[in-house]
Amino acid sequence: MADLDPTFYTDGDIDVNPTCNPTLESIVEARYSRRAMITRSAGLASAVSMAGFLGGCGGDDGPGTPNTTVTSPGGQTSSGAVFQLAATVAGDPLTNLQWSQTSGPPVSLENASTPNASFLAPSVSAATPLGFRIGGTGNRNQPVSTDVTVMVEPGKIGFSAVAKNLNDVVTVPAGYQVTILYRFGDPINAATPAFANNGTDTNIGNRSGDQHDGMYYFGLAATGTTPDPTSNSRGVLCINHENIVQRYLHPNGP
């Protein structure tokens, strides 16, 4: 037993045999049940039958490796897109089902313990393969897995240009939506009420200004404060209000 992977070993009363061989109990049970059905003159047939049982590995021949297959198509995507990893498990059920990444720029896997995991494709400058593995534990603690590859292409614009218009709103392509993140008068702390925009607002020093002239997104790693210029899912959005309205800031002249 010293050569066995301890991951597949238990020393309880349930099982200490993670190999493809049947248990001693199953051998004894099968042998004596066969003896009850065959005569002494058919000893050779009994030996052949028992040899077939000992050599069995899964299926009806014995409780060896699981009759389980795991398949997944892989695929292709582009930087910044969410890709769905889909696997199909057929045959005997698996336990400890898990997706893991085996190669390529590291990504964060969502729902990695289900057949359908997903990840946000990383930023790449050229076509880059990402390797993944889906697997689990089958009958008699035998591992079952399959490897898939997802090709990530550099990011690209996948929408039609917006037609010219005079609308007093931001216009975005079909299939997209726009949300205002930060506007003049918005409170910048919890103690300041919402902006009424009717001349009654006070505490302007704790409200956002107007005429901002710069904005930049600083990407962060999945956790902590480590910068990650390739991240487009977590970061800090910085806005500069250096541009001013002269008649408000300097009413008596600059």
Side-chain angles (χ1 to χ4, degrees), residues 69-89 94 96-136 143-165 167 169-183 186 188 208-243:
T69 58
V70 182
T71 57
S72 181
Q76 181 174 331
T77 186
S78 59
S79 296
V82 175
F83 186 84
Q84 190 81 28
L85 290 163
T88 300
V89 180
L94 295 180
N96 304 319
L97 188 70
Q98 187 71 31
W99 280 98
S100 61
Q101 186 175 2
T102 58
S103 64
V107 298
S108 178
L109 287 168
E110 299 289 338
N111 300 316
S113 59
T114 70
N116 299 314
S118 63
F119 66 90
L120 186 67
S123 177
V124 297
S125 58
T128 303
L130 272 62
F132 298 93
R133 177 170 295 155
I134 173 70
V144 177
S145 66
T146 191
D147 293 338
V148 299
T149 299
V150 177
M151 186 66 68
V152 179
E153 301 284 346
K156 56 187 177 182
I157 296 176
F159 54 83
S160 301
V162 175
K164 294 180 180 180
N165 64 73
N167 299 334
V169 294
V170 177
T171 306
V172 294
Y176 289 77
Q177 62 182 15
V178 61
T179 301
I180 297 174
L181 297 177
Y182 184 73
R183 60 185 175 183
D186 281 350
I188 60 175
S208 64
D210 61 357
Q211 299 285 324
H212 72 273
D213 68 342
M215 181 169 63
Y216 194 83
Y217 173 85
F218 294 91
L220 292 176
T223 59
T225 59
T226 303
D228 180 4
T230 66
S231 172
N232 59 6
S233 61
R234 182 174 183 268
V236 177
L237 186 65
C238 296
I239 301 176
N240 179 16
H241 288 278
E242 181 180 336
N243 196 14

Please report the shortest heavy-atom distance between [X] and [Y], naming the atom on each side.
| X | Y | value |
| --- | --- | --- |
| Ala117 | Ala112 | CB-CA, 4.1 Å |
| Ala121 | Thr77 | CB-CG2, 3.9 Å |
| Thr149 | Pro129 | CG2-CB, 3.9 Å |
| Ser233 | Tyr217 | N-OH, 3.7 Å |
| Ala221 | Arg234 | O-NH1, 2.6 Å |

Without swapping roles, check the side chain of [X] against the backbone of [Y] for a donor-acceptor pair under 3.5 Å.
| X | Y | value |
| --- | --- | --- |
| Ser123 | Ser79 | no |
| Ser231 | Leu220 | yes |
| Trp99 | Leu109 | no |
| Thr102 | Gly131 | yes |
| Asn165 | Ala163 | yes |
| Thr230 | Asp228 | no |
| Gln76 | Val152 | no |

> What pairs of residues pass the salt bridge (Lys or Arg N to Asp or Glu O under 4.0 Å) test when at least one of them lies in residues 109-135, not counting sequence neighbours?
Replying inline: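 Every salt bridge (Lys or Arg N to Asp or Glu O under 4.0 Å) pair that includes a residue of residues 109-135, provided the two are not neighbours, is Arg133-Asp147.
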Compare all side-chain heavy atoms of [X] with those of [Y] and state whether any distance is below 4.5 angstrom.
| X | Y | value |
| --- | --- | --- |
| Phe218 | Cys238 | yes |
| Val162 | Val172 | no |
| Leu130 | Gln101 | yes |
| Pro115 | Leu97 | yes |
| Leu120 | Asn232 | yes |

[atom1]-[atom2] distance between [X] and [Y], expressed to the nearest 0.5 angstrom:
| X | Y | atom1 | atom2 | result |
| --- | --- | --- | --- | --- |
| Tyr216 | Asn240 | OH | CG | 14.5 Å |
| Phe132 | Ser72 | CZ | OG | 10.0 Å |
| Asp210 | His212 | CG | NE2 | 10.0 Å |
| Thr128 | Met151 | OG1 | CE | 8.0 Å |
| Leu181 | Ile239 | CG | CD1 | 7.5 Å |
| Asn96 | Ser113 | CG | OG | 10.0 Å |

> Is the Phe83 ring parallel, tilted or perpendicular to the Phe119 ring (thresholds 30°, 60°)?
Replying inline: tilted
>> Going by side chain to side chain donor-acceptor pair (under 3.5 Å), name the residues that satisfy it together with Asp186, two or more places apart in sequence or in a different chain.
In response: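 Side chain to side chain donor-acceptor pair (under 3.5 Å) check on Asp186 returns Arg183.
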>> Tell me whether Leu237 at atom CG has more than 12 heavy atoms from other residues, nucleotides or ligands lying less than 6.0 Å away.
In response: yes
>> Thr146 vs Thr71, test: side-chain contact (heavy atoms from CB on, under 4.5 Å). Steps then yes/no.
In response: CA-CA 7 Å; Thr146 191; Thr71 57; 5.7 Å; no
> Under 3.5 Å, is there a donor-acceptor pair between the Thr114 and Asn116 side chains?
Replying inline: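 Checked: Thr114/Asn116 side chains show no N/O donor-acceptor pair below 3.5 Å.
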